[in-house]
Protein chains: 2
Amino acid sequence: MDGTDGTGSGAGPARGREATRARILASARELFTEEGYGAVSSRKIAAHAGVNVALINRYFGAKRGLLTEILREDGVFPGLIEGDRDTLTRRLAEHAVSRLHGESSALQRALDHSAGDPDLQAVYQGRITSALIDPLEAYLGGGTAARAHASLVTALMLGLTRVRLVEGATALRAQEREDLTRRVEALLDLCLEDFTDD
Amino acid sequence: MDGTDGTGSGAGPARGREATRARILASARELFTEEGYGAVSSRKIAAHAGVNVALINRYFGAKRGLLTEILREDGVFPGLIEGDRDTLTRRLAEHAVSRLHGESSALQRALDHSAGDPDLQAVYQGRITSALIDPLEAYLGGGTAARAHASLVTALMLGLTRVRLVEGATALRAQEREDLTRRVEALLDLCLEDFTDD
DNA sequence: AGGTATATGTAAACGGTGTTGACCTTGTCA
DNA sequence: TGACAAGGTCAACACCGTTTACATATACCT
């Protein structure tokens, strides 16, 4: 025996369910941030965490489970929906433009960049509906048109992220940035206008 | 010798560079359409084409090469840019909405659905710029603002495709569909308006 | 015609992936 | 002390995309 135990005291890496789980998750987060999702193998995560590969699947079911857990903790578009309705589109526009500048968290950027992997796709799909479309729909009152409006807004937000993948982060001068933000805001406002008002 | 030769006459599958290449490509197209890109392995394609696995890499460099070739033949957003400028946004809007309805080709739908795979991502990125942003930019006159406008339009188009992945194809009644098309058209028009006109 | 280079096709392996099942160790409690 | 269960390890499984060494057929040239 080397003195390690479930309490985490003593020499050597902490053991025990919670400690191990946490260390795996931390390693995954770190490596995903540095290298993207697809480029990091289960064995690499395990090695970095000083843990056996099989434990990943024991504690998270599969590699995808790590992603699900991380995205569950961080959230996508966190806290954008709540708040004053009058400034909703402005908040969304600012967020979108800041993402265009690559100002999101390093992890978010890394995941955006490896957005493509089927796992990420699958996990994201669930989170986009539950973190953007659904709350938006509820926020907008939940009428028949609400979901259509929410979908359009989401389309624009996702598209902007997507086009950044293609074009790369663009450095804008302050004035250009404000112009672009205003333009995106106007687009979002137009998404939310009543359809029959055409 | 079994009578088969490079000309394709005689019993047994045709041999020779072109015939083999064509059969691999056809099998890939068929299987990708049915099962998506990621779900089809190189060996599966080879088996379906009655060909050795190594030939895929011989003739197409890698599995990704099949995708590149197929997308090169089919094109993305084919022929949408050319034509009357006054009706450009209308054409784009109709195309986007028809895609929302799942009315694109079966292959396109399948690839959209497995859009996520790093290979597809990589190939698409190149094609999106060369088939949408670049021509749009040129079409719009190529000024400084042209690229920004083209990017916004592309963002919207891509986002709509993307949100369809999340929400699934929605069946709209004729009136709803026309409303939606008009709304998308209005959004696209707004994308193209001069930024400083705010 | 014969011989030779070259194109084409084949078989087997390589290194990698995510995942799983059988085993062992460790700590706890009766 | 013995049974038991939780936690951890190891080796394997079934795939993947790709490559290398080899066999065969075709075409060309003397």
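Chain A is the first sequence line, chain B the second, and so forth, proteins listed ahead of strands; every chain is numbered from 1.
- With sequence neighbours left out, A/Glu167 forms a side chain to side chain donor-acceptor pair (under 3.5 Å) with B/Arg147, B/Ser151.
- A/Arg99 places no side-chain N or O within donor-acceptor distance of the main-chain N or O of A/Thr161, the cut-off being under 3.5 Å.
- With sequence neighbours left out, the salt bridge (Lys or Arg N to Asp or Glu O under 4.0 Å) criterion links B/Arg127 to no other residue.
- Looking only at distances, no side-chain donor or acceptor of B/Tyr124 sits under 3.5 Å from a matching main-chain atom of B/Asp112.
- With sequence neighbours excluded, the residues satisfying salt bridge (Lys or Arg N to Asp or Glu O under 4.0 Å) with B/Arg64 are B/Asp119.
- Per the geometry, CG belonging to A/Leu31 stands 12 Å off P belonging to C/dG18, to the nearest Å.
- Atom CZ of B/Arg17 is separated from atom P of D/dA27 by 15 Å (rounded to the nearest Å).
- Between the side chain of A/His149 and the backbone N or O of A/Glu137, no donor-acceptor pair lies under 3.5 Å.
- Using a cutoff of 4.0 Å between basic side-chain nitrogens and carboxylate oxygens, A/Arg182 and A/Glu185 are not scored as salt-bridged.
- Listed by first and then second residue, the side-chain hydrogen bond (donor to acceptor under 3.5 Å, both in side chains) pairs involving residues 78-87 of chain A are A/Thr87-A/Arg91 (not counting sequence neighbours).
- Atom CG in B/Asn52 sits about 14 Å away from atom P in D/dT18, given to the nearest Å.
- Near DNA chain C, defined here as any heavy-atom distance below 4.0 Å, the residues from residues 37-44 of chain B are B/Arg43, listed numerically.
- Taking atom CG of residue B/Asp117 and atom P of nucleotide D/dC16, one finds them 13 Å apart after rounding to whole Å.
- Near DNA chain C, meaning a heavy atom under 4.0 Å away, the residues from residues 54-68 of chain A are A/Ala54, A/Asn57, A/Ala62, A/Lys63.
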